[in-house]
Amino acid sequence: MLNKPRLLTPGPTPLPERVRLALAEDMIHHRKPGFKKILLETEGMLQKLFGTAQPVLPLSCSGTGAMTAAVHGLFAPGEKVIVINGGKFGERWGKIAATRGLKIVEIEVEWGQAVTPAQVEQALREHDDAKGVLMQVCETSTAAQHPVEAVARLTRTRDVLLVADGISAVGISPCPMDAWGIDCLLTGSQKGLMVPPGMALLSLSERAWKRAEAIPASCFYFNLVAERDNLLKGQGLFTSPVNLIVGLHASLSMIFENGDMNDVYRKQWALTCMVRTGAQALDLRLFAPAHYAWGVTSIALPSGVDGDRLLKVAADDCGIIFAGGQDYYKGRMVRFGHMGWVDWSDVLAGLHALAYALRASGGFSASRDYLETALAAYHRALDVEPGRVIPDVRS
Ligand SMILES: *Cc1c(COP(=O)(O)O)cnc(C)c1O
């Protein structure tokens with residue numbers, strides 16, 4: 001009871017009080033005017049969030065459900081897709097595509113790196129029968145960010161749909177669907193959006209809708225065309241996740257009543273600079289040195305540091321819950337989440353917990369001023385245009 005628990009993971013993320021209170025409201029009926037009003041108001045804010053004039057469909061499922069709905073709704077068995085696999089979630093695209101019976105061309109990307117547009121261009125040239133490119137905006141397992149805008153420049157001039165898993169990017173770093181030419185952008189409720197898990201959001205471009213309309217529905221539940229037709233009437237296809245939509249209405253209202261997405265992006269960029277600078281000041285190595293995410297930072301632990309113990313000490317002694325590495329990197333990596341309802345003071349607490357737990361699990365750092373250094377990077381970053389200046393504590 002000594003410490004306030006702080007969830008610094010790449011989802012689920014902490015909830016603002018306004019969202020928690022909204023979630024606690026009594027039930028309203030999903031086919032009556034009160035809900036319809038909330039859903040349509042939410043829809044207007046979701047279009048601003050996604051940067052699209054297209055409808056954004058709420059689906060009752062986790063983020064993987066939306067990935068599944070996209071693959072089944074946009075591609076028919078036997079069609080070819082290019083999958084960018086730079087970690088656990090890229091790998092998941094391949095698994096979902098395989099269950100749909102698609103032919104898969106995989107571009108394997110080393111963990112911690114981003115795919116290059118040249119690699120995608122080459123794959124598109126070698127496979128001019130490919131119908132889609134499936135990728136992450138941010139590969140959350142490594143905290144590397146893929147160059148979606150550049151890939152979209154390649155796909156939008158071809159008859160190839162770009163499907164972008166933005167689960168750890170939408171509401172965290174800029175990813176404007178229409179301006180970039182993304183054909184399917186999807187996310188989940190529990191990462192940047194400050195809402196509990198259980199709901200996914202998905203939007204399709206005009207040409208992706210044409211494709212969805214031409215492909216026979218493969219399953220009864222995920223029928224994007226029927227879902228869209230209901231949404232335009234202010235309803236879901238089945239019983240809507242009423243509380244989650246009420247919660248999402250509250251969280252998006254918090255963003256748009258006091259500003260716009262640029263304020264969120266500025267904050268996310270500054271927190272990223274703060275965590276990266278703090279970790280480097282502790283002589284820790286950043287796992288994704290370039291092309292990094294704005295909502296999670298992956299930190300490679302030196303050999304000799306017991307990563308599982310580090311996570312346990314941070315949680316038990318400091319109240320800070322980090323995520324660890326996955327697969328080979330389990331026990332060798334800390335994934336420090338700074339997305340959603342997280343601010344500089346949470347990150348300050350997180351950096352202290354990181355230093356404390358590092359020392360308690362076999363690591364060492366002589367730094368006494370890592371917190372001041374990190375805070376200075378935060379303030380410097382707030383003053384510049386997001387994405388322009390890469391912090392380097394040693395310069
Ligand atoms: C969290 C995450 C997922 C998985 O989402 P679930 O809600 O657990 O199904 C998929 N892709 C990315 C990029 C994620 O960050």
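Starting from 1, each residue takes its place in the sequence as its number. Read the numbers this way: they start at 1 and go in the same order the structure lists the ligands and their atoms.
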Peer 1: Using heavy atoms and a cut-off under 4.0 Å, could you grab the residues that are in contact with ligand 1, chain by chain, numbers ascending?
Peer 2: Ser62, Gly63, Thr64, Met67, Phe89, Arg92, Gln136, Cys138, Thr140, Asp165, Ile167, Ser168, Gln190, Lys191
Peer 1: Return the NZ to CD1 distance between Lys37 and Ile28, rounded to the nearest 0.5 Å.
Peer 2: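 With rounding to 0.5 Å, NZ (Lys37) is 10.0 Å from CD1 (Ile28).
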Peer 1: Is there any salt bridge (Lys or Arg N to Asp or Glu O under 4.0 Å) pair reaching into residues 285-303, and which pairs are they, with sequence neighbours excluded?
Peer 2: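 Found none.
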Peer 1: For Tyr221 and Phe238, take the angle between the two ring planes, folded into 0 to 90°, and tell me which bin it lands in: parallel under 30, tilted 30 to 60, perpendicular over 60.
Peer 2: parallel
Peer 1: Hey, does Ser240 have a side-chain heavy atom less than 4.5 Å from the side chain of Phe35?
Peer 2: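 Side-chain contact under 4.5 Å: yes.
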Peer 1: Give me the ring orientation class for Trp294 and Tyr265: parallel if the planes are under 30° apart, tilted from 30 to 60°, perpendicular past 60°.
Peer 2: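 Plane angle over 60°, so perpendicular.
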Peer 1: Regarding Lys88 and Asp327, does a basic nitrogen lie under 4.0 Å from an acidic carboxylate oxygen?
Peer 2: yes
